[in-house]
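Chain naming here is simple, since letters A, B, ... match the order of the sequence lines and numbering starts at 1 in each.
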Protein chains: 2
Amino acid sequence: MKVNGIIWNCFLLLILNPNKNLMLKEERQHAILNEVELHNRVLLTDLAEKLDVSIDTVRRDVKELDAENLLTKVHGGAVSLGFVNHSPARSNVYALDKKVGIAKKASTLLRNNSVILIDGGTTCLELARLLPTNIKLTCFTLSLPVAMELLGKPNVETIFIGGTLSRDSQIAVGANTINALAQIKVDYSFIGTGYVDAEFGLTEFDWEVVQTKKAVINASKKTVLLCISEKLNSQHRFKTCDLNVISTMVTELEPWDKKLDAFKNMNIQLL
Amino acid sequence: MKVNGIIWNCFLLLILNPNKNLMLKEERQHAILNEVELHNRVLLTDLAEKLDVSIDTVRRDVKELDAENLLTKVHGGAVSLGFVNHSPARSNVYALDKKVGIAKKASTLLRNNSVILIDGGTTCLELARLLPTNIKLTCFTLSLPVAMELLGKPNVETIFIGGTLSRDSQIAVGANTINALAQIKVDYSFIGTGYVDAEFGLTEFDWEVVQTKKAVINASKKTVLLCISEKLNSQHRFKTCDLNVISTMVTELEPWDKKLDAFKNMNIQLL
DNA sequence: AAATATATTGCAAAAAACAGCAATATTTAA
DNA sequence: TTAAATATTGCTGTTTTTTGCAATATATTT
């Protein structure tokens, strides 16, 4: 029943894609561009189906658009121009703006003559960078980069907790460090974490780091967790602590954000 | 019923093949990069699981990203650039070539499995930079920049002697540091000095630094002085030690240089 | 040194890209 | 308007890329 089949196809086409008949090459390419802009990526097969042309046609279209520098053709599809990271000129720190925001919020906890401890990691490093210069502080740290940063602060007395240095995390770890930490008690410690989950608490990739963080928490009256929201609801193998030992959690989100719901009835101050 | 058939087929397709989770290579690499930046360090196995591809694919992706200098591949995983790229950017080190020469000569003293201590200062920093990579070392230090440099050496275990950090010398000083130093004994310590004179010995501008250097010397079986010849025959307020506690003195000069005459009958090895 | 984990290599299946060709559609010229 | 020229599109078979697997080699840990 060829006739019926054709009629049915036309009907389907009209339902799924009303203006198919009038689709010229230019239109089609426009539609492709639109799709790429919208979703940042697109598969050739999807495009072919959606535009109801053969895959070859789509391929040719994408090729042309690529030649015109309107998108980037990749194996199996296309991505928007910004998507492919070719350029070496990238900011060194991931999500720097978020981390700066977190650091600013965290620094409001500081009082004159506070004794604090700043952990390693890029977020904590931002805190070190943004420490207010009008408040006199005594600051312990285990992190080489944080220490470097703190040396630039005239109002901060910096004490480095020594120990074996971990190549990856650039912090002091090991028995030595833990012993030294056992002898101090700071007002606030500001720590980062690799992973955090409302149920499983803070977890890490590295066992040694976990031991050190535990010692840090023990050495603090109050522990403040600095953590960008992307890390929420993730976990790894080694557990640092439960969330109930954390006094304050600082993310880049507003405290009432829905993503923080899981942390709201836990006696944690959200900042 | 052709109509029913087609509709049913569509339905089946949707059920059996909901989204196919098809991912473009670029997307996947983007995700990998994101994960690395987020957590600083990831395992290939974790990536493979998370992205639902084989470990081979992840490995190949990471390899490519490494080749593009977007991350650093390590055994079993990847780390973000920030953790290994301490781009030194040492621009204005005075008499750098001389100090490099000194460091090279000093490094000939090293043996496999030596336990050494490297002091602060630009000359010692050059030594840290030029440590041979074929000799396994355990290396103590009080200097932040030296520690940073040592972390880039895969064959060196680095232990930082903690303490209050001195802002201008970027080394740990104070009672804490001296206590910690009292508990170790290294094969060689490599120290710098502000001023040296055949008669008055090693002297410094800073009293705290002197105390620390004394403790360093006590913590060493042999003490090696790294010192550019310009500092010879100069002195300052606070005395670190006499020259007879120095085992080896390394300058950029040849050992038989006339400028070293004053040090030749002092039981000091000249290098 | 043994045991485990990770890398490397070659290979094969699947997917995608490509090139050439024929059918159709569109434009141009008479 | 018609006919020729040109462009577009879909199809075929071939080549290339991607991916996963297995065997082997290397690295790391105990």
>> Using whole Å, what does the distance between atom P of nucleotide C:dT6 and atom CG of B:Leu47 come to?
In response: 12 Å
>> salt bridge (Lys or Arg N to Asp or Glu O under 4.0 Å), that's the test. Do A:Lys25 and A:Glu64 meet it? Break it down for me.
In response: CA-CA 11 Å; A:Lys25 193 171 83 159; A:Glu64 285 178 28; 3.4 Å; yes
> Would you say D:dT18 has OP1 or OP2 under 4.0 Å from some side-chain N or O of B:Lys25?
Replying inline: yes
>> Whole angstroms only, please: what is the CG-P distance between B:Asp61 and C:dT8?
In response: 14 Å
> Is any side-chain N or O of B:Arg59 closer than 4.0 Å to OP1 or OP2 of D:dG20?
Replying inline: no
>> Looking only at the side chain of B:Val53 (C-beta and beyond, no hydrogens), which of the listed nucleotides D:dT9, D:dG20, C:dA16 gets closest?
In response: D:dG20
> Please give, in whole Å, the distance from D:dA7 P to A:Gln29 CD?
Replying inline: 15 Å
>> Measuring from the side chain of B:His75 (C-beta onward, heavy atoms only), which nucleotide among D:dT17, D:dT28, D:dG20 has the closest atom?
In response: D:dT28
> Rounded to whole angstrom units, what separation is found between the CD1 atom of B:Ile55 and the P atom of C:dT4?
Replying inline: 18 Å
>> Output the rounded distance in Å from CG (A:Asp52) to P (D:dT9).
In response: 13 Å
> Rounding to a whole Å, what distance do you find between B:Leu51:CG and D:dT18:P?
Replying inline: 17 Å
> Does a nitrogen or oxygen in the side chain of B:Ser54 sit under 4.0 Å from OP1 or OP2 of D:dT19?
Replying inline: no
> Can you find an N or O donor on one side and an acceptor on the other, under 3.5 Å apart, linking the side chain of B:Arg60 with the base of D:dG20?
Replying inline: yes
> Among C:dC18, D:dC21, C:dT6, which is the nearest nucleotide to the side chain of A:Lys63?
Replying inline: C:dC18
>> Using a strict threshold of under 4.0 Å (side-chain N to carboxylate O), is an ion pair present between B:Lys222 and B:Asp187?
In response: no
>> What's B:Val74 touching, base or sugar-phosphate or nothing? Going by heavy atoms closer than 4.0 Å.
In response: sugar-phosphate
> Between B:Gln183 (side chain) and B:Ala180 (backbone), is there a donor-acceptor pair under 3.5 Å?
Replying inline: no
> Base, sugar-phosphate, or nothing: which does B:Leu44 touch, judged by heavy atoms less than 4.0 Å apart?
Replying inline: sugar-phosphate
> Given atom NZ of B:Lys73 and atom P of D:dA27, what is their separation to the nearest angstrom?
Replying inline: 12 Å
> Between A:Phe205 and A:Phe238, does the ring centroid distance fall short of 6.0 Å?
Replying inline: no
>> Strictly below 4.0 Å, N to O, side chains only: are A:Lys50 and A:Glu35 in salt-bridge contact?
In response: yes
> Once you round it to whole Å, what is the distance between P of D:dT9 and CD of A:Glu26?
Replying inline: 12 Å
> In terms of side-chain heavy atoms of A:Asp56, which of D:dT9, C:dT6, D:dC11 is nearest?
Replying inline: D:dC11
